[in-house]
Amino acid sequence: MRSSHPRSAAVAALVASALATGLLAGSADAAEGSVSADPVRIHDIQGTTRISPLTGKQVADVEGIVTGVRTYGSRGFWMQDPDADDNDATSEGVFVFTSSVPTVAVGDAVKVSGLVGEYVPGGLTSGNQSVTQISKPVVTVVSSGNTLPEAAAITEYTVPAEYAPAGDPAAAGSINGLALEPSRYALDFYEALEGMNVRIGTSRVVGATDPHAELWVTVKGWENTAKRGGTIYGSYESQNTGRLQIQQLAPLAQQPFPVANVGDKLTGTTEGPLDFNQFGGYTLVARTLGTVKAGTLAPEKTKAQAANELAVATYNVENLDPTDPQEKFDNLAKAVVENLASPDVLALEEIQDDNGAKNDGTVSAEQTLTKFTAAIAAAGGPAYQWRTVNPENNKDGGEPGGNIRQVFLFNPERVSFTERAPGDAATATGVVKDQGKAALTHSPGRIDPANPAWADSRKPLAGEFVFRGKTVFVIANHFGSKGGDEGLTSHHQPPVRSSEAKRLLQAQAVNGFVKELLAADKKANVLVLGDINDFEFSATTNALADGGALYPAIKSLPKAERYSYVYQGNAQVLDQILTSPAIKTFTYDSVHINAEFSAQNSDHDPQVLRFRP
């Protein structure tokens, strides 16, 4: 199992570093400060803000009942004071970081002496909230077999509707110094339970079991419900307060983690300590795990295009290369044929070079594409041809040595590709008029590859297609990732989304190119598609659509169907197809075959648009 908290033993150094960044109050010298004179209770350690008032202090003989023991990853145990105070803002539980396998058991009454600190999962620059803990502990077991403190209920009635307070402008937008208001804000509610024994009842799964043995549920079954059972992330203000990550305390070798898909139910009671980690924030680490009741969700199949309809699709195939198992090629191919109904044009993202992540200068993807198109034909699909532009080695981001790129597959029996002086990695395609119509100078070609917006990122691939005598311009994209953005549970509210700046520039570049096509022919059929890596309500999408040049077709769907990806229990849009004004009537489908399922061929759902040019 992935470690939730790979903690540093140099706690004093961590505290000193945190002090320097303004995360904690006090002085670095306090890290080895004197023992507090009065008996200290756990709620004294937790305090009424996110940061312990005793950070950097030694505490002695803090009493509690052990409620959970973690023997892997961040080793330690949680303990809770059964004699709570009358302040809902102060947690009665705390994590004791032992570094080695703890020697205590659940139900032990213990006294713990050690150093109070704030550990930041993911590091001080991650934006993550900190976990109050006791480290370098001396633990005395007073008695065993004690009744555990009653678990605090996390339900649709106890979790507030508002997600987080606004950050303090005087503290760079941080909420760390604000007094907790657990009856008003969901993040404050969870923080006031940090380290405590909590429970949920039967809850709907909104994030499938992942390879790290974790899943997501919602305790608010009605909150922004997706048509197929998930929870829609429809704006920056709809964070979905009922979402909660579920892990288990038992090692996987001892107890396999249940496999669940979106829409399944985690039935019965799930109970254990409430943790915070860098991979999703507040997490119920189950000592007692409910039972998964499977739902009826099945992968979708889109409708086949009519004879006079052009079907264009986009699919991120997640780092496909010849070293992948044949099974991955076969499963992806089957999806193209059976779930996507063999679209006429298919834009692929994350096609890797012929030896994948081997970093030896190889940039050709000939073997990758030969293997994939053969698998499609074997699955009963068309004999697709392809067009692409090989990238410069290690210039387009992604996995080092993988050289991911976008590729057009097209069915030559239905559509033809117009070859115009194919470009190379560094050559920009342009727009000219040809017999009164728009045309590309290079097809296939890349859009403005020297633009700094595309540094260490995939350059857009443009191509001209002809269907039933009509020209259609297709621009395949894979915009910069969200890597580096802070999570929704950040101590900055709103969270810092630093990656947006690059995607905004990328969107402006593509929008400018589309406007050139429309200036040459206002009736040009243009489709901009791919892994945009941003939401339909984002500044990125707005920049793509600027001036009415493009329309985000996913907005034609009901809100409950707008998603192509599930992240931390939020069903959201990353993959899109946008249409030029000439494409007035179309059918759009986000084909849900991966994102909601534990068994995935890719982590993205493909998108299909059908229209009559």
Side-chain angles (χ1 to χ4, degrees), residues 310 312 314 345 347-349 363 385-392 395-397 405-410 415-467 469-480 502-532 540 543-551 576-583 613:
L310 178 69
V312 181
T314 176
V345 179
L348 301 172
E349 299 86 53
V363 293
Q385 294 182 15
W386 70 80
R387 296 293 186 275
T388 189
V389 173
N390 289 335
E392 291 183 80
K395 295 286 189 180
D396 281 18
R405 84 289 311 271
Q406 297 90 268
V407 175
F408 293 128
L409 299 188
F410 64 96
V415 65
S416 64
F417 187 85
T418 304
E419 207 97 33
R420 296 186 191 272
D424 58 25
T427 302
T429 189
V431 178
V432 293
K433 270 197 171 186
D434 183 11
Q435 298 180 341
K437 300 286 188 180
L440 300 178
T441 57
H442 299 281
S443 175
R446 297 176 122 193
I447 294 175
D448 200 10
N451 188 325
W454 308 112
D456 296 315
S457 190
R458 283 68 57 184
K459 288 71 176 169
L461 179 69
E464 266 186 63
F465 295 86
V466 175
F467 176 72
K470 298 289 183 66
T471 295
V472 179
F473 298 95
V474 183
I475 302 170
N477 302 273
H478 186 182
F479 282 9
K502 185 166 194 168
R503 285 193 301 280
L504 182 61
L505 295 174
Q506 293 177 341
Q508 289 168 342
V510 173
N511 173 267
F513 188 83
V514 172
K515 285 175 177 172
E516 288 184 45
L517 284 169
L518 297 179
D521 180 4
K522 66 180 181 180
K523 294 183 178 179
N525 294 304
V526 185
L527 292 172
V528 169
L529 76 175
D531 180 359
I532 303 302
T540 301
L544 276 171
D546 180 72
L550 294 167
Y551 171 71
Q576 298 197 47
I577 302 178
L578 298 93
T579 60
S580 65
I583 304 173

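Between Ala438 and Ala520 the shortest heavy-atom distance is CB-CB, 3.7 Å. Closest approach of Phe417 and Ser443 over heavy atoms only: CZ-OG, 3.3 Å. Taking all atoms of both residues into account, the shortest heavy-atom contact from Ala453 to Leu505 is CB-CB, 3.7 Å. Summarising the geometry of Phe408 relative to Leu461, their closest heavy-atom pair is CZ-O, 3.3 Å, with the distance given to 0.1 Å. The minimum heavy-atom distance between Gln506 and Gly480, with the atom names listed, is OE1-N, 3.0 Å. Leu529 and Val474 make their closest contact through CD2-CG1, 3.3 Å (heavy atoms, listed as atom of the first residue, atom of the second, distance).
A donor-acceptor pair is defined here as one N or O able to donate and one able to accept, closer than 3.5 Å; such a pair exists between the side chain of Gln406 and the backbone of Lys459. Panel note: side chain Asn477, backbone Phe479; no donor-acceptor pair is recorded below 3.5 Å. At least one donor-acceptor pair under 3.5 Å links the side chain of Lys502 to the backbone N or O of Ala455.
Distance check: Leu348 CG to Trp386 CH2 gives 11.5 Å after rounding to the nearest 0.5 Å. Here the straight-line distance linking atom CD1 of Ile447 with atom CH2 of Trp454 works out to 7.0 Å at 0.5 Å rounding. A distance of 7.5 Å separates NZ of Lys395 from CG of Asp456, quoted to the nearest 0.5 Å. Here Leu440 contributes atom CG and Ile475 contributes atom CD1; the two are 7.5 Å apart, rounded to the nearest 0.5 Å. Rounded to the nearest 0.5 Å, atoms CG (Asp424) and CZ (Arg446) are 9.0 Å apart. One finds the CD atom of Glu419 at 10.5 Å from the CD atom of Glu464 (value rounded to the nearest 0.5 Å).
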Q.
Please evaluate residues Asp546 and Gln508 with respect to the criterion side-chain contact (heavy atoms from CB on, under 4.5 Å), reporting the C-alpha separation (whole Å), side-chain torsions for both, the decisive distance (0.1 Å), and the verdict.
A. CA-CA 8 Å; Asp546 180 72; Gln508 289 168 342; over 6 Å; no

Q) How far apart are the C-alpha atoms of Asp434 and Arg420, what are their side-chain angles, what is the distance that settles it, and do they pass the salt bridge (Lys or Arg N to Asp or Glu O under 4.0 Å) test? A) CA-CA 12 Å; Asp434 183 11; Arg420 296 186 191 272; 3.6 Å; yes

Q | From CA spacing to verdict: side-chain contact (heavy atoms from CB on, under 4.5 Å), Val389, Arg405 | A | CA-CA 8 Å; Val389 173; Arg405 84 289 311 271; over 6 Å; no

**Q.** From CA spacing to verdict: side-chain contact (heavy atoms from CB on, under 4.5 Å), Phe513, Val528
**A.** CA-CA 11 Å; Phe513 188 83; Val528 169; over 6 Å; no

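In this structure, the side chains of Leu517 and Ser580 stay at 4.5 Å or more apart for every pair of heavy atoms. For the pair Thr579/Leu527, a side-chain contact is recorded, criterion being any heavy-atom separation below 4.5 Å from C-beta on. At a threshold of 4.5 Å between non-hydrogen side-chain atoms, the residues Val345 and Val415 count as touching.
Put simply, the residue from Asn525, Ile583, Thr471, Val466 that forms a side-chain contact (heavy atoms from CB on, under 4.5 Å) with Pro613 is Asn525.
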